[in-house]
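Read the structure below first, then the notes.
Throughout, a chain's letter reflects where its sequence line sits, starting with A, and its residues are numbered from 1.
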2 protein chains.
Amino acid sequence: MTEHCSHSDLTSCTQPSSEQVAIFLQQAADLCDKRNLRFTRLRKQVLELVCRAEQPVGAYHLLDELKQSGRSAAPPTVYRALDFLLEQGLVHRLSTNNTYLACAHPQHPHGAVFLVCSECGHTQEVHNEGVNDELDRQAKQFDFAIQHAAVEVTGLCSRCRGS
Amino acid sequence: MTEHCSHSDLTSCTQPSSEQVAIFLQQAADLCDKRNLRFTRLRKQVLELVCRAEQPVGAYHLLDELKQSGRSAAPPTVYRALDFLLEQGLVHRLSTNNTYLACAHPQHPHGAVFLVCSECGHTQEVHNEGVNDELDRQAKQFDFAIQHAAVEVTGLCSRCRGS
DNA sequence: CTATGTTATGTTATAATATAACATTATTTG
DNA sequence: CAAATAATGTTATATTATAACATAACATAG
């Protein structure tokens, strides 16, 4: 999870403080309430782990953390929670490296661009209307009904380029 | 593999005939020659299987086909061949469904957009400069050096929407 | 042309990611 | 409370991919 800030392109730019995580979890709870869905202890716990992670995390990493927290957990435990969170737009899945990260803007559905550093794993969620518009146009041309657009850009982040 | 045709946006639009596959394999051989790389029997065989596939295929599907062809083969057999073909830009990997398909334009490196039908698996490779430009711009803004952009759009193709 | 190094392939085992199937528990609702 | 539904627990297994080491094929210098 990352904080929304006011660049010319919307983006996430900081690691979340404890307080920010708490706010995000509250927003998630409200959202589930509004949709008449259960924001269970497990789902909250998984979302919190994803939020607190400095970088996108793998499902088995989350599984380890769940186990360490004392909870009984197996792969389906974490995958089911992640599936729920994905459906609700609270987390994203990066298919290029099979990791999960909290969504920067859970309020409204959107197409996001991810800049994934191949060196350090740091990942920026960016919102780019230009890309979305272009994909919409392209899809229209092929009479293709978009369900989901995965735009995952791998490369070197600023920090890793420097060093 | 799919044929290049002259839409306003470059795209692949047909399933390849035997002849087209032969031409593609010859181009691949030439390209390897030029680069002083070995276009071995295995690599050629894997590329041909990928080309002939109606749709993007999984590695283990290719493995089965290799075995059926009488060749001794294990997972590394096919993954190594695929890695080579990926490096040479002769095939693409779709990370959203872990499949491989022949590149429509192996001549020059490029960023491609894939329209992947979630119903029938049919996949269009499309080239969209607008998307590339926008991603380049976005990367620049973050001082991010792009290595690879995976743009995979899942949805319903024209045929599947209709029915 | 053969010795030597290098590249490619064969082979076995295993890692990493994800789901199926069924049992149990918790929650909602009639 | 009873029945229905939704969520979680649990065991097993499917799917995708790589590690590690042995052998074979090819390239090239002598």
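In this structure, B/Leu86 atom CG and D/dT18 atom C1' are separated by 15 Å, rounded to whole Å. One interatomic measurement links the two molecules: CZ of B/Arg71 to C1' of C/dG10, which rounds to 10 Å at whole-angstrom precision. Counting to the nearest Å, the P atom of D/dA14 and the CG atom of B/Asp64 are 14 Å from each other.
Residues from residues 32-47 of chain B that place a heavy atom under 4.0 Å from any atom of DNA chain D, listed by number: B/Arg38.
Aromatic ring centres of B/Tyr100 and B/His92: separated by at least 6.0 Å.
The side chain to side chain donor-acceptor pair (under 3.5 Å) with A/Asp30 is formed by just one residue from the set A/Lys34, A/Gln27, A/Gln26; it is A/Gln26.
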Can you give one letter per nucleotide of nucleotides 12-25 of chain C, 5' to 3': B if a protein heavy atom sits under 4.0 Å from the base, S if only from the sugar-phosphate, - if neither?
-> B----BBBBB----

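Atom CZ of B/Arg159 has 12 or fewer heavy atoms from other residues, nucleotides or ligands within 6.0 Å. When the shell of 6.0 Å around CD of A/Glu119 is examined, it contains 12 or fewer heavy atoms from other residues, nucleotides or ligands.
Counting heavy atoms from C-beta outward, B/Pro16 and B/Arg52 have side chains that stay 4.5 Å or more apart. The closest side-chain heavy-atom distance from B/Arg71 to B/Leu42 is below 4.5 Å. The closest side-chain heavy-atom distance from A/Tyr79 to A/Leu63 is not below 4.5 Å.
A salt bridge is defined here as a Lys NZ or Arg NE, NH1 or NH2 lying under 4.0 Å from an Asp or Glu carboxylate O, and A/Glu48 with A/Lys44 fails to meet this definition.
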